[in-house]
Amino acid sequence: MSAADRAAIRAAFRETSPDLLAYFERRLTDREEAADLLGETMVTAWRRVERLPADVERQRMWLFVIAANTLSNHRRTWQRRLALADRLRDHLAVSTPVSELGDAHAVRDAVLRLHGAQRELVMLIHWEGFTIVEAAEILGLNPSTARSRYATAKESLRAALVEASSI
Amino acid sequence: MTSSFDAQLDASAPSVTPRTPELERELAVLIREAEAIAAPVPSRFRRRILIGGLATIGVLGGGATASATGLLPWFDNPAAQNTQTTSTGASCEVKYAAKGIEDQKHPVDDAARAAAVAAAGTFLRDFDFSTIDVKEAVRRLPARVTADSEAGLAQTVEDYETFAVQVELEKRLGAYLAQHGLPAEAVSVSAAISCDGGWK
């Protein structure tokens, strides 16, 4: 591993780690677990540093793909708690999240009730700010598949919210 | 154009930990710790030069790198050598040398600098490391001391404890030079450290 590799991945982490942390926080019931998965993502990325893209935006995508895989593995298998994330876990435990908007809960509930594949797509686009093509890449989908899936997801969400407001 | 429905979806994101300076610091620590786990520096000698309480550190490679930076491989013939067993049980071989430095805040003429470096070399050659109470030296060192100008804080127990001994050694060297009327600010102590099992 060259000094240039080390410097590049450190810079990529500095730039992207707050967004990666938010990505995990939004997907895990236990917010502090987000620290563990962020630590695991970093360790994985370090071990594959020779594959780090040169382009800064591509580096961000690369790290999110690793994060998505890490989350997927986490959901499938029991993960041991990483001691290295203890400090960050402690910080998250005492930090207060920013306040929420009024009707955000209802929309979020509808998002969370979507079918798994649709849900993750909507979350990446609206919660993480990725384009449909970028979200497709993170999920390993063909862009056209992602577009149609996203359109279907939005129709489902509209219907769910109309139904909820009429009750 | 973003529709109001898109805006509603954007706003539905669950709240996350605010991005504060404290969070930034914790993330920086995590980045360093992940690196220490995933990509430890191989077990080669690392160079640490102590100048006024701040250290620079790097990996000493082949002659080309050393020559290019003006750092000839002094560690092949160090002024002093010590084997330090850390509290983790690691055996660290530490080599020391005295080098002349130019500190603009404390200008020293070349003759005085040469005399100070020579005296420091003698001091190091004759130094008895058993006179350093390592536990006490470690106790005096701040908990999160910066022993690595590149990566920041001392990251390993080995790094921290060998640094504590180096700080004590330089302190005694400074007193020795002052006793002999020589300028301590004209001398730096270089240390090359290698611990078994590499740097974790």
Side-chain angles (χ1 to χ4, degrees), chain A residues 1 3 5-6 9-10 13-14 17-18 20-27 31 34-35 38-47 49 82-85 87-88 90-92 95-112 122-123 125-129 154 157-158 161, chain B residues 2-44 46-47 56-62 64-65 68-69 143-144 148-153 155-157 198-200:
Chain A
M1 186 187 305
D5 284 341
R6 286 177 181 266
I9 197 168
R10 283 187 203 119
F13 282 144
R14 280 196 297 273
S17 57
L20 288 171
L21 179 63
Y23 168 83
F24 286 122
E25 281 190 87
R26 288 171 182 141
R27 285 162 178 77
R31 291 171 59 237
L38 178 58
E40 190 160 330
T41 298
M42 287 179 178
V43 170
T44 302
W46 264 110
R47 289 177 173 153
V49 66
L82 285 179
L84 73 89
R87 284 174 53 89
L88 184 55
D90 292 344
H91 180 79
L92 296 184
S95 298
T96 308
V98 292
S99 60
E100 309 235 336
L101 293 175
D103 59 354
H105 273 300
V107 180
R108 186 187 316 149
D109 286 347
V111 171
L112 295 175
V122 169
M123 287 161 75
I125 292 167
H126 289 285
W127 294 3
E128 265 64 54
K154 284 183 81 172
L157 283 170
R158 279 198 184 93
L161 289 168
Chain B
T2 306
S3 70
S4 63
F5 185 52
D6 285 334
Q8 276 187 300
L9 288 171
D10 292 346
S12 73
S15 53
V16 296
T17 304
R19 195 164 174 172
T20 60
E22 289 75 21
L23 177 64
E24 299 283 347
R25 276 198 292 275
E26 295 307 324
L27 287 172
V29 170
L30 185 62
I31 290 169
R32 284 200 299 271
E33 292 184 353
E35 178 176 0
I37 287 173
V41 175
S43 182
R44 289 185 287 171
R46 284 158 62 107
R47 164 178 54 88
T56 61
I57 198 163
V59 177
L60 287 179
T65 306
T69 56
R144 295 178 62 72
D148 184 333
S149 63
E150 185 184 344
L153 304 173
Q155 293 184 36
T156 65
V157 172
W199 288 80
K200 296 171 185 169

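Reckoned from all heavy atoms, side chains included, excluding hydrogens, waters and symmetry mates. Order of the sequence lines fixes the chain letters, A, B, ..., with proteins taken first and strands second; residue numbering starts at 1 for each chain.
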Minimum heavy-atom distance [X]-[Y], with the two atoms named:
X	Y	value
Arg14(A)	Ile31(B)	N-CD1, 3.8 Å
Gln8(B)	Val107(A)	O-CG1, 3.8 Å
Arg26(A)	Ala13(B)	NE-CB, 3.8 Å

- request: Take Phe13(A) and Leu30(B) through the test side chain to side chain contact (heavy atoms under 4.5 Å, CB included) and record every step on the way to the result.
  value: CA-CA 10 Å; Phe13(A) 282 144; Leu30(B) 185 62; over 6 Å; no
Honestly, the part of Arg27(A) sitting under 4.5 Å from a heavy atom of chain B is neither
For Ile9(A), is it the side chain, the backbone, both or neither that has a heavy atom under 4.5 Å from a heavy atom of chain B?
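For Ile9(A), neither part sits under 4.5 Å from chain B.
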Any side-chain heavy atom of Glu35(B) sitting closer than 4.5 Å to one from Val43(A)? no
Quiz item: Can you tell if the side chain of Ile125(A) reaches within under 4.5 Å of the side chain of Leu9(B), non-hydrogen atoms only?
Solution: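 When only atoms from C-beta onward are counted, Leu9(B) and Ile125(A) do not touch, as no gap falls below 4.5 Å.
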Here the gap from Phe5(B) atom CZ to Leu161(A) atom CG, rounded to the nearest 0.5 Å, amounts to 5.5 Å
Notebook entry, point to check: Can you list the residues that meet the side-chain hydrogen bond (donor to acceptor under 3.5 Å, both in side chains) rule with Arg19(B), with sequence neighbours excluded?
Noted result: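 Checked Arg19(B) against side-chain hydrogen bond (donor to acceptor under 3.5 Å, both in side chains); matches are Glu24(B).
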Sorted by chain and number, sequence neighbours left out, side-chain hydrogen bond (donor to acceptor under 3.5 Å, both in side chains) with Ser12(B) holds for Trp127(A)
| query | Any donor-acceptor pair under 3.5 Å linking the side chain of Glu25(A) with the backbone of Thr17(B)? | reply |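 Flag set: sc Glu25(A) to bb Thr17(B) pair under 3.5 Å.
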Quiz item: side chain to side chain contact (heavy atoms under 4.5 Å, CB included) between Leu38(A) and Leu27(B): does it pass, once the steps are laid out?
Solution: CA-CA 9 Å; Leu38(A) 178 58; Leu27(B) 287 172; 3.5 Å; yes
